[in-house]
Structure formats: C-alpha cells, structure tokens
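Following: one structure in structure tokens, then a few remarks.
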Amino acid sequence: MPELPEVETIRRGLEGFCLNKKIVQVKVSCEKSFIGAENDIVGRSIVKIRRFGKALVMDLSGGLSVICHLRMTGQLIYRGAGVQGVKTDGVGLQDLMREDSFAGGHPTDSFFTELPNKQTRVEIKFEDGSKLFFNDQRKFGFMKVLATTGVESEKFIASLAPEPWKMTDEEFYQRLQRHKNALIKAVILDQKVVAGLGNIYADEALFYAKIHPKRLAGSLNFDEAKLLIEGAKKVMKESIESGGSTMATYVKADGTKGDYLKLFAKVFRREGEPCLRCGEIITKIRVVGRGTHICPNCQKEGGEND
DNA sequence: CTAGGATCCTGTCAGC
DNA sequence: TGCTGACAGGATCCTA
C-alpha cells in the first residue's frame with residue numbers, strides 16, 4: 001500500500017481540497033469497503049484530516065469520523081466539479097493536472113481516467129459538485145464510520161507504535177530487542193514496533209544502514225539500530241518532500257507517465273541495476289514472504305558491515 | 001508472549 | 001490464443 005509518505009501526501013492534498021466541504025451523497029459499490037451506514041455521514045462537513053501511521057482519519061462535523069486505510073491498492077482521487085477523466089496516452093492530461101483535481105495512493109492509470117470505474121468502491125459527492133473516489137483493486141482497504149471520540153481507541157490505531165521521528169534511538173534499539181529472534185525486515189514492517197514503514201521504505205532504510213534484511217533483529221548493535229532508524233526517517237521524509245505517489249509524481253512534466261520511485265528509490269525495483277553506492281548489481285530476494293531488494297555487497301548477511 | 005505462515009481480493013505478467 | 005502459477009507499496013488471524 002501506500003506507506004506513510006503516500007498517506008501524508010494525500011492528507012495534505014485533501015486538506016487543501018476537501019476541508020469544510022459538505023457531503024451530499026455517498027455511493028458504496030462494495031459493502032466490504034465501507035463499514036457503517038453511509039447515510040450517517042451525509043449532511044456533514046469535513047472539519048479536519050488527520051493521519052495515524054498509514055491510516056487517514058477525516059473528522060466530520062457533529063462528532064463523527066471516517067477512518068480510511070488504503071492497505072495495498074487503495075487510492076483517493078479528488079475531482080473538482082466538471083473535471084473529466086482523460087485517455088492515458090498523455091493527450092489532455094494537463095486538464096487533469098488542474099488546480100482542482102488531485103490523486104494519491106497506489107499509482108495506476110485510475111489517477112486520471114474516467115471515474116467511477118470498475119475499481120471504485122466508494123464515491124463521495126460534495127455540495128459544490130466535486131467528488132472524492134475511493135478506489136481499491138484488491139479490496140483490502142476500507143473506510144469506517146465511527147464516533148470521533150473513538151478514533152484513538154480503535155484497535156489498529158491504539159496499538160500503533162510511534163513514528164520514527166518520535167522515537168529516540170535508544171527506544172528503537174530496545175524495541176528491536178523485544179523481537180530479537182525475528183528477521184529485521186519483519187520487525188521494521190511491524191506497525192507495533194515502528195509506524196509507517198512498508199515494503200518500499202523498509203528496503204530503502206535497510207540499504208541506507210547497510211543491513212541485510214534477513215539478519216536477526218537481536219544481532220544489530222546500537223549503532224546499527226541508530227543508523228536504521230535514521231535511514232527510515234530520511235527515506236520517508238525525502239518521499240514526502242517529493243510528493244509521495246500522487247498524480248503529480250506519476251505524470252512527468254511533458255505529460256507522459258513516469259515512475260515516482262525513481263525520485264528516491266535506491267534499491268526498490270532496481271534489481272539488475274548497479275548499486276548507486278558501490279556498483280554491485282542489485283538483487284531481489286524473498287524475505288518474510290515479501291519481495292526484497294538488496295545490494296549483496298553493501299548488505300552482507302553474515303553480520304556487521306565495514 | 002513471540003514467530004511464521006495462510007489468508008483476504010483482483011489483476012497482470014511470465015512461461016508453457 | 002489460452003491456461004497456470006507467481007506475485008503484488010498491508011495487516012490480521014491462526015498455529016506452534
């Protein structure tokens with residue numbers, strides 16, 4: 001899914017477009033994707049948009065909130081009134097890049113094609129005619145209506161660990177020790193250990209710290225743990241600054257499609273290409289059931305590097 | 001309590 | 001062309 005930087009980028013985008021807009025209609029085309037009664041949010045305005053790890057929370061007037069988790073393939077796409085989708089050959093794409101449309105999440109052509117489409121699970125219409133589409137190919141994501149007062153006690157949010165920049169190096173090191181027999185990649189993907197990392201940023205952070213993803217968490221010394229949390233902060237901040245995976249980063253200046261990963265990824269989906277640090281060929285392996293990208297020279301399985 | 005694997009779901013792509 | 005299996009930017013549930 002969209003990881004922390006993507007969700008933060010969406011949060012900022014929606015804050016600019018949807019704040020104080022009144023919901024006049026909600027269409028749910030997949031029951032699984034919307035928990036609660038859609039009519040409960042009709043007539044309410046979005047008053048605040050928050051983020052907890054990878055979860056987005058839209059606070060509505062009258063004490064209700066909507067939690068949105070995009071999981072693997074979720075997207076949130078905002079279209080101003082009258083903005084139409086376009087063909088994906090680049091023709092007319094500039095129309096979609098207007099100041100009153102926005103999209104973020106799992107990057108696909110749905111960012112700019114006609115909506116709703118086959119993957120649209122929820123469609124929210126605002127008073128001014130603009131719309132917010134929740135698209136999700138695999139249906140792992142969801143929107144859930146609940147009382148605003150209950151947001152922070154919602155199971156997933158309550159058990160969330162702090163984000164990397166709210167954790168001291170010492171605390172991170174201690175947290176790793178609680179999972180000393182698990183593979184380090186599995187541990188940093190665990191949102192109860194540190195919030196925000198997903199498959200991309202886990203690989204990037206491990207590369208930054210020159211740590212092999214299959215090492216046991218307990219084998220890292222304090223300096224390695226420090227470097228790892230530092231890498232996590234760095235790669236996620238860089239991505240937020242470049243706009244996460246949004247329409248803007250999915251489309252290049254000339255209107256053709258680009259690859260937003262190229263903006264910052266040093267190992268993710270770079271298998272077969274040379275390591276930007278040492279020139280060794282990046283390889284892809286499997287760790288805890290996830291595709292994992294490493295530089296076999298910078299990240300040695302045996303133990304500490306350098 | 002921890003660790004690892006299966007599972008939810010749809011779509012795409014490589015290999016036959 | 002059509003089929004099959006692997007895999008995918010996540011997290012939970014079940015088992016040992």
Side-chain angles (χ1 to χ4, degrees), chain A residues 1-10 29-33 35 52-56 67-76 104-111 113 117-121 134-144 154-161 175-207 213-218 232 235-236 238-240 242-246 249-250 259-272 284-293:
Chain A
M1 129 181 162
E3 307 178 30
L4 187 151
E6 283 69 49
V7 181
E8 175 58 20
T9 303
I10 291 173
S29 42
C30 175
E31 291 304 316
K32 185 178 190 287
S33 305
I35 302 162
F52 295 87
K54 305 178 192 174
L56 193 73
I67 294 182
C68 181
H69 202 306
L70 301 175
R71 292 281 179 95
M72 295 279 262
T73 54
Q75 311 170 304
L76 285 170
H106 190 242
T108 72
D109 287 350
S110 293
F111 280 177
T113 54
N117 66 16
K118 202 176 170 186
Q119 296 165 2
T120 301
R121 310 303 177 201
F134 170 40
N135 272 30
D136 185 16
Q137 179 190 117
R138 293 174 74 180
K139 300 183 180 176
F140 291 167
F142 60 88
M143 281 182 162
K144 178 176 180 176
E154 179 73 7
K155 202 172 164 191
F156 172 79
I157 293 176
S159 61
L160 216 49
R175 282 170 174 270
L176 295 188
Q177 300 315 304
R178 273 190 253 156
H179 303 269
K180 53 181 163 41
N181 295 317
L183 306 186
I184 186 62
K185 175 155 176 177
V187 176
I188 61 171
L189 283 173
D190 186 344
Q191 305 298 299
K192 298 178 190 68
V193 174
V194 55
L197 292 166
N199 208 31
I200 297 178
Y201 302 102
D203 282 4
E204 294 297 324
L206 288 164
F207 171 77
K214 282 190 173 175
R215 283 184 53 195
L216 297 186
V235 296
M236 291 204 291
E238 273 178 17
S239 179
I240 291 171
S242 74
S245 69
T246 56
T249 51
Y250 191 50
D259 180 357
Y260 101 102
L261 284 171
K262 295 217 182 327
L263 296 174
F264 66 88
K266 294 189 170 52
V267 285
F268 198 83
R269 292 202 190 136
R270 286 196 69 245
E271 62 269 30
K284 185 175 177 182
I285 59 176
R286 205 143 188 90
V287 183
V288 288
R290 312 294 302 272
T292 300
H293 311 73

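Note that the coordinates shown come from a computational prediction; the quantities given were computed from them, not determined experimentally. Chain A is the first sequence line, chain B the second, and so forth, proteins listed ahead of strands; every chain is numbered from 1.
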Can you tell me if [X] touches the phosphate of [N], counting only side-chain N or O atoms and a distance under 4.0 Å to OP1 or OP2?
X	N	answer
A:Lys284	C:dA8	yes
A:His69	C:dG10	no
A:Arg269	C:dG9	yes
A:Arg286	C:dA8	yes
A:Lys54	C:dA11	yes
A:Lys192	C:dT12	yes

Checklist line | Donor-acceptor pair between A:Ser110 and A:Asn117 side chains, under 3.5 angstrom | finding: yes
Next item on the list: Rounded off to whole Å, could you give me the CD1-to-P distance for the A:Ile184 and B:dT2 pair?
Entry: 15 Å
For [X], which contact category applies under a 4.0 Å heavy-atom criterion: base, sugar-phosphate, or nothing?
X	answer
A:Phe268	sugar-phosphate
A:Gly105	nothing
A:Phe142	nothing

Note to self: Going by purine N1 to pyrimidine N3 plus the second Watson-Crick contact, or the G-U wobble pair, all under 3.5 Å, which nucleotide sits opposite C:dG9?
What the structure shows: none
Next item on the list: Provide the Watson-Crick or G-U wobble partner of B:dG15, both distances under 3.5 Å; none if there is no partner.
Entry: C:dC3
Notebook entry, point to check: Are side-chain heavy atoms of A:Lys185 and A:Leu206 found at a separation under 4.5 Å?
Noted result: yes
Check: Where the side chain of A:Arg138 is defined as all heavy atoms beyond and including C-beta, which of C:dG9, B:dC9, B:dA3 is the nearest nucleotide?
Finding: B:dC9
Item checked: Closest to side chain of A:Gln191, choosing from B:dT2, B:dC8, C:dA11 -> C:dA11
Next item on the list: Please work out which of the three classes, parallel, tilted or perpendicular, describes the rings of A:Phe268 and A:His293, given edges at 30° and 60°.
Entry: tilted
Within the sub-3.5 Å range, which N or O atoms of nucleotides 11-14 of chain B have a protein N or O partner, and how far apart are they?
residue	atom	partner	partner atom	Å
B:dG11	OP1	A:Lys118	NZ	3.3
B:dG11	O4'	A:Gln137	OE1	3.1

Note to self: Stacking between B:dC8 and A:Phe140, yes or no? Criterion: centroid separation under 5.5 angstrom, plane angle under 30 degrees.
What the structure shows: yes
[atom1] atoms of [N] and [M], separation to the nearest Å:
N	M	atom1	value
C:dA6	B:dG5	P	16 Å
C:dG9	B:dA3	C1'	23 Å
C:dA11	B:dG11	P	22 Å

